[in-house]
Protein chains: 2
Amino acid sequence: MVNAAICEVDHMRIGELSARTGTPRRLLRYYEEQQLIVADRAPNGYREYDERFVDRVIQIRGLLDAGLPTRIIKQILPCLDKPRTIYFPDATPEMIATLACERDRMSDRIRCLTRNRDAIGEYLDAVLDYNRPQDA
Amino acid sequence: MVNAAICEVDHMRIGELSARTGTPRRLLRYYEEQQLIVADRAPNGYREYDERFVDRVIQIRGLLDAGLPTRIIKQILPCLDKPRTIYFPDATPEMIATLACERDRMSDRIRCLTRNRDAIGEYLDAVLDYNRPQDA
DNA sequence: TCAAACCTTCACATCTATGTGATGGTCAAC
DNA sequence: GTTGACCATCACATAGATGTGAAGGTTTGA
């Protein structure tokens, strides 16, 4: 019997999402409270996540780690959906201005980080160079 | 009289540094407390800064904005002095490992920021494209 | 001599992202 | 039916960067 009625496996509860993203459950609930993610609810009230939440959560954590507050991340996330879910007419001029501003701030951060990372790299190269000149 | 005894102008007090870096005085004192900067003191107890503090403070703010805590910034800053002020023998293996780790974390942040910034850019391009198709 | 504009230290408040624990419901296995 | 591993909400605590103001010293200029 090649019955195709396979019960969907494409969902997980908060514990699994926590394990797969290395994120404390507490924070997954916090991100939801901040409206960065919206979880479905099972009949018993448990949160239900599908596969796409894994990448989404990792992305959120990356942006938080890079210094963006949840308020800004919430505005950025809709831009990342590949098939556009945001219809352009909904984009107010203020929203567009905010996004452009944040994009520029991100460029600033990238410049700053790159410059400093490279300086650290040079320093480390110099130190390693200094520490093993045994065989000339 | 071509007297060369010009009183040095290469120093400023906290108010001027604050104005020139756009940083509240409160934070300049905080950065000093966290040992990110070390200010000279005038005889009357006032902090005295020279020109180099301007760039240094801007750099600190950039790194803070990019998500690095003061504890890490304190370790990074010595790498940035062009004529090396840190003698390599002083660099402990743990310190080197920490720096390498932070450098990698910065690379991660750069990747994350770049990806998201580009996504915002694409989104904005699409929105602008949508908003002015008047003259075909 | 007085006022304004600096500076000092100290202390307490705030915001954001987090940690941690209490209290209790759901569910599966034994 | 009880135990253990999940889940829920709520609440309180912490840490880091920052805001704000009090109380007082210094300097400059009217």
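In what follows, chains carry the letters A, B, and so on, assigned in the order in which the sequence lines appear, proteins first and then strands, with residues in each chain numbered from 1.
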Side chain proximity check, A:L28 to A:F53, heavy atoms < 4.5 angstrom: no

Nearest-angstrom distance from the residue atom [atom1] of [X] to [atom2] of [N]:
X: A:E32; N: D:dC7; atom1: CD; atom2: C1'; value: 13 Å
X: A:D65; N: D:dG16; atom1: CG; atom2: C1'; value: 15 Å
X: B:H11; N: C:dC7; atom1: NE2; atom2: C1'; value: 14 Å
X: A:I60; N: C:dA17; atom1: CD1; atom2: C1'; value: 13 Å
X: A:E33; N: C:dT18; atom1: CD; atom2: C1'; value: 12 Å

Classify the nucleic acid contact of B:R61 as base, sugar-phosphate or nothing, counting any heavy atom under 4.0 Å across all strands shown. sugar-phosphate

What's A:R26 touching, base or sugar-phosphate or nothing? Going by heavy atoms closer than 4.0 Å. base

If the test is side chain to side chain contact (heavy atoms under 4.5 Å, CB included), which one of B:L36, B:T98, B:L68 qualifies with B:I76? B:L68

Which nucleotide, [options], lies nearest any side-chain atom of [X]?
X: B:R41; options: C:dT9, D:dC6, C:dC7; answer: C:dT9
X: A:I14; options: D:dC7, D:dA17, C:dC7; answer: D:dC7
X: A:L27; options: D:dA8, D:dT18, C:dG19; answer: C:dG19

Nearest-nucleotide wise, let me know which of B:L64 and A:Y49 is further upstream toward the 5' end of DNA chain D. A:Y49

By nearest heavy atom, map B:Q34 and A:G45 onto DNA chain D; which one lands nearer the 5' end? A:G45

Looking only at N and O atoms, is any donor in the side chain of B:R29 or the base of C:dT8 less than 3.5 Å from an acceptor on the other one? no

Is there a donor and acceptor pair, one atom on the side chain of B:Y30 and one on the base of D:dG19, closer than 3.5 Å? no

Less than 4.0 angstrom between a side-chain N/O of [X] and OP1 or OP2 of [N], yes or no?
X: A:N44; N: D:dC7; result: no
X: B:R47; N: C:dT8; result: yes
X: A:T70; N: C:dA17; result: yes

Could you check whether any side-chain N or O of B:T23 sits under 3.5 Å from a backbone N or O of B:S18, counting only pairs where one atom can act as donor and the other as acceptor? no

Taking all atoms of both residues into account, what is the closest heavy-atom pair of B:I120 and A:L99, and its distance? CG2-O, 3.9 Å

